[in-house]
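Every chain is numbered from 1, with letters handed out A, B, ... down the list of sequences. Values in this document were obtained by computation on a predicted structure and should not be read as measured data.
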2 protein chains.
Amino acid sequence: MATISDVAKEARVSVATVSRVLNNKESVRKETQQRVYDAIEKLNFQPNLLARNFRRSESRVILIITPNITNPYYAHILTGIGETASSLGYSALIFNTGGSLEKEKEGMEMLKLRRADGAILLASSMESPHLLEYVESHPVVQCSEYDGASGLPRVSIDNHLAAKEVVEYLIDSGHEKIATISSKNTYISTKERLDAYRETMKDHGLKVPRSYIAHGDPDYSFKSGKKAAMKLLSLKERPTAIFCISDTLALGTISAAMEMGIKVPEELTVTGFDDVDDTTMFHPYITTVKQPCYDLGMRAMKLLFDRMMKKEISDKKVILSHQFVIRESSAPYKP
Amino acid sequence: MATISDVAKEARVSVATVSRVLNNKESVRKETQQRVYDAIEKLNFQPNLLARNFRRSESRVILIITPNITNPYYAHILTGIGETASSLGYSALIFNTGGSLEKEKEGMEMLKLRRADGAILLASSMESPHLLEYVESHPVVQCSEYDGASGLPRVSIDNHLAAKEVVEYLIDSGHEKIATISSKNTYISTKERLDAYRETMKDHGLKVPRSYIAHGDPDYSFKSGKKAAMKLLSLKERPTAIFCISDTLALGTISAAMEMGIKVPEELTVTGFDDVDDTTMFHPYITTVKQPCYDLGMRAMKLLFDRMMKKEISDKKVILSHQFVIRESSAPYKP
DNA sequence: CTGTTAGCGCTTTCAA
DNA sequence: TTGAAAGCGCTAACAG
């Protein structure tokens with residue numbers, strides 16, 4: 001492989017000049033520049049990133065810490081991050097944690113080792129104290145899920161508002177026996193959606209029996225949604241609507257209803273959350289909240305970039321707008 | 001950040017010695033070693049990967065070229081690659097091409113720039129000639145899809161055999177009017193599955209009218225599967241079984257059948273391929289071929305590792321075994 | 001506008 | 001078993 005000094009020799013200039021045209025910022029005479037370009041072409045020269053990064057003390061890599069790429073919701077965010085990173089000259093290193101805190105720390109070590117210049121946390125299972133060690137000396141932003149106490153920049157939708165919208169829609173449709181399927185994880189979105197459900201119900205003078213709050217697995221698995229729904233649908237006071245905090249949970253709920261001979265939406269209204277791919281794969285298509293996944297990722301990357309460039313960040317809390325999509329799994333209450 | 005020479009000073013040894021204990025290969029006296037460890041701890045030293053990689057002229061990063069992480073099939077393979085890479089001391093850089101050849105070349109440039117030491121091609125849209133430029137001087141392996149002419153190592157299942165198994169099962173179940181939904185892409189798996197379908201039909205003396213071979217989009221989209229199925233199901237000689245070369249296509253087919261009032265599996269048998277997540281999200285659960293995605297990824301990474309270490313590779317063509325899973329979308333033919 | 005030169009932090013001969 | 005010292009290829013003062 002040709003090096004910068006080979007090029008310099010070939011073009012009869014100094015290495016400094018070659019470096020200048022490579023980074024085309026300082027002034028180089030047009031003619032000289034051309035000579036250098038010719039030499040580069042002739043020798044088929046490619047700058048050695050290893051050397052450059054070392055010298056500049058940067059990796060031009062950003063780290064994405066995610067629980068699970070297999071989840072299409074994250075996969076879409078990842079795509080947004082990835083393409084934006086690429087357009088800014090960065091490569092994206094994806095680190096799967098499977099939700100384990102240990103793995104998460106292992107990932108963050110990449111920052112210290114200088115394998116990556118900054119990180120985007122997709123659904124940190126860490127509590128702030130654990131983060132602190134890395135966050136003090138490295139740019140980090142949170143995307144989608146976040147820890148409010150960490151003080152880190154973040155981008156997400158307004159989960160509380162979105163959930164409120166769904167529950168109000170349910171109430172406006174005449175439903176009163178509204179149950180929810182939440183999840184056993186500690187994500188802020190989970191908490192906010194559940195809180196909004198409770199508040200909205202209360203604001204409208206509607207009761208929420210303890211038994212109306214069911215929980216799926218931390219990863220919103222289809223099976224756990226089905227199981228939770230089975231329980232809900234076996235209640236004496238069977239709910240006429242179920243507000244699920246994820247689409248897979250809603251899918252599970254619909255499946256449970258079908259097996260129990262309960263028609264959706266005629267006898268049971270079901271709503272989801274996120275609007276991932278399989279939301280319109282089967283009838284009934286699911287009424288849900290569409291999240292701007294790609295944009296979430298894009299904005300997070302831009303925020304991180306600003307951070308890395310040490311630009312002032314105007315907005316530390318970016319809230320993107322969601323969209324409530326009414327489809328086939330919901331209908332007005334019919335006594 | 002402390003450097004190796006800070007540590008050397010602190011431990012009253014030379015940098016060479018510190019380097020030796022860091023890479024613990026050359027012999028260092030126990031006592032000295034301990035002094036170095038103490039110094040490292042005291043100074044909270046972390047070796048600078050940027051410097052190390054530069055010096056060693058390696059990145060310890062591997063590149064994954066994939067059309068689309070959003071596809072759960074690839075996402076699972078990615079997980080296998082990622083975890084294996086991690087355990088071997090490598091980080092995985094994921095490069096999404098969206099199926100574009102240009103993007104693909106852009107990704108492969110990372111190899112030349114030394115951003116990555118090797119690459120795994122998940123579904124190369126490149127034809128061998130384009131690959132050549134990179135393959136000559138860098139370790140590359142193909143996973144799942146491959147170009148047989150490239151001569152590159154590869155790991156995959158035996159698509160021909162698997163497809164044959166499915167079609168034979170259909171025939172053994174009494175079906176004769178068996179159609180297929182293939183795809184408009186140029187993947188080898190597509191070709192092999194279609195070929196196997198044709199051959200098997202022929203071997204059993206069954207006719208395949210031209211109209212029995214339908215095509216979905218290159219990315220196997222649900223919608224395109226539905227559309228293709230609609231056409232197939234409107235034929236005068238309506239097929240009693242449809243062999244789909246992917247699960248989403250099968251899902252689309254079932255959806256089409258439902259809308260047309262055709263019962264699956266009573267009046268129509270549908271089979272899929274790959275066994276991705278949503279294969280058991282709805283009834284009827286899909287009869288399909290399960291691919292060992294995680295293992296596919298793992299083996300590919302191991303192969304690449306061997307290549308990078310310049311070990312002899314015993315097997316250039318690794319075939320992993322699949323599993324035919326009979327579920328609810330298929331049934332014996334009833335006249 | 002261009003050249004000279006000093007490192008960046010690490011690994012690796014070579015010599016002791 | 002250890003140390004001295006030479007670089008890896010590039011960037012960025014600094015000098016001209």
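At C:dC8, none of the side-chain N or O atoms of A:Ser57 fall inside 4.0 Å of OP1 or OP2 (strictly under the cut-off). For B:Asn48 and C:dC8, the shortest distance from a side-chain N or O to OP1 or OP2 is not below 4.0 Å. OP1 or OP2 of C:dT2 has not a single side-chain nitrogen or oxygen of A:Thr17 nearer than 4.0 Å. Neither OP1 nor OP2 of C:dG9 sits under 4.0 Å from any side-chain N or O of B:Thr3. The side chain of B:Arg20 places no N or O atom within less than 4.0 Å of a non-bridging phosphate oxygen (OP1 or OP2) of C:dT11. An OP1 or OP2 oxygen of D:dA12 is reached within less than 4.0 angstrom by no side-chain nitrogen or oxygen of A:Ser19. The shortest distance between the side-chain N/O atoms of B:Arg56 and the OP1/OP2 oxygens of C:dT11 is below 4.0 Å. For C:dC1, the OP1/OP2 oxygens have a side-chain nitrogen or oxygen of A:Ser27 closer than 4.0 Å.
Note that CG of B:Leu121 is 11.0 Å distant from CD of B:Glu145, once rounded to the nearest 0.5 Å. Summarising the geometry, atom CG belonging to A:Leu303 is positioned 9.5 Å from atom NZ belonging to A:Lys316; distances are rounded to the nearest 0.5 Å. For the atom pair CG of B:Leu122 and CG of B:Asn68, the computed distance is 11.0 Å after rounding to the nearest 0.5 Å. In this structure, the separation between CD on A:Gln46 and CG on A:Leu22 is 10.0 Å, given to the nearest 0.5 Å. Interatomic distance, NZ of A:Lys42 versus CD1 of A:Ile40, reported as 13.5 Å (0.5 Å rounding). Note that CG of B:Asn71 is 10.5 Å distant from NE2 of B:His76, once rounded to the nearest 0.5 Å.
A:Asn53 comes within 4.0 angstrom of no nucleic acid atom, judged by non-hydrogen atoms across all strands. Within 4.0 Å of B:Val18, counting heavy atoms only, lies no atom of the nucleic acid at all.
Remark: P of D:dC8 and CZ of B:Arg114 are 13 Å apart, rounded to the nearest angstrom. A straight line from CG of A:Leu49 to P of D:dT11 spans 10 Å, rounded to a whole angstrom. Whole-Å rounding puts the A:Leu50 CG to D:dG7 C1' distance at 15 Å. Between B:Asp6 atom CG and C:dC8 atom P there is a gap of 11 Å when expressed in whole angstrom units. If you measure from atom CG of B:Leu43 to atom P of C:dG9, you get 14 Å, rounded to the nearest angstrom. Atom pair B:Asn23:CG and C:dG9:C1' shows a separation of 13 Å (rounding to whole Å applied). As a whole-Å value, the separation of B:Glu58 CD from C:dG9 P is 19 Å. Atom CZ in B:Arg60 sits about 14 Å away from atom C1' in C:dC10, given to the nearest Å.
Among C:dG9, C:dT4, D:dT1, the nucleotide with an atom closest to any side-chain atom of B:Ala51 is C:dG9. Closest to the side chain of A:Arg52, out of D:dT11, D:dG3, C:dC10, is D:dT11. Checking C:dC1, D:dA12, C:dG9 against every side-chain atom of B:Arg55, the shortest atom distance belongs to C:dG9. Candidate nucleotides D:dT2, C:dC10, C:dT11 were compared by shortest atom distance to the side chain of B:Phe45, and C:dC10 ranks first.
A distance cut-off of 5.5 Å between ring centres, combined with a plane angle under 30°, places A:Phe54 in a stacking arrangement with the base of C:dC8.
DNA chain D is contacted by both B:Ser14 and A:Val15; B:Ser14 maps to the nucleotide lying nearer its 5′ end (nearest heavy atom per residue).
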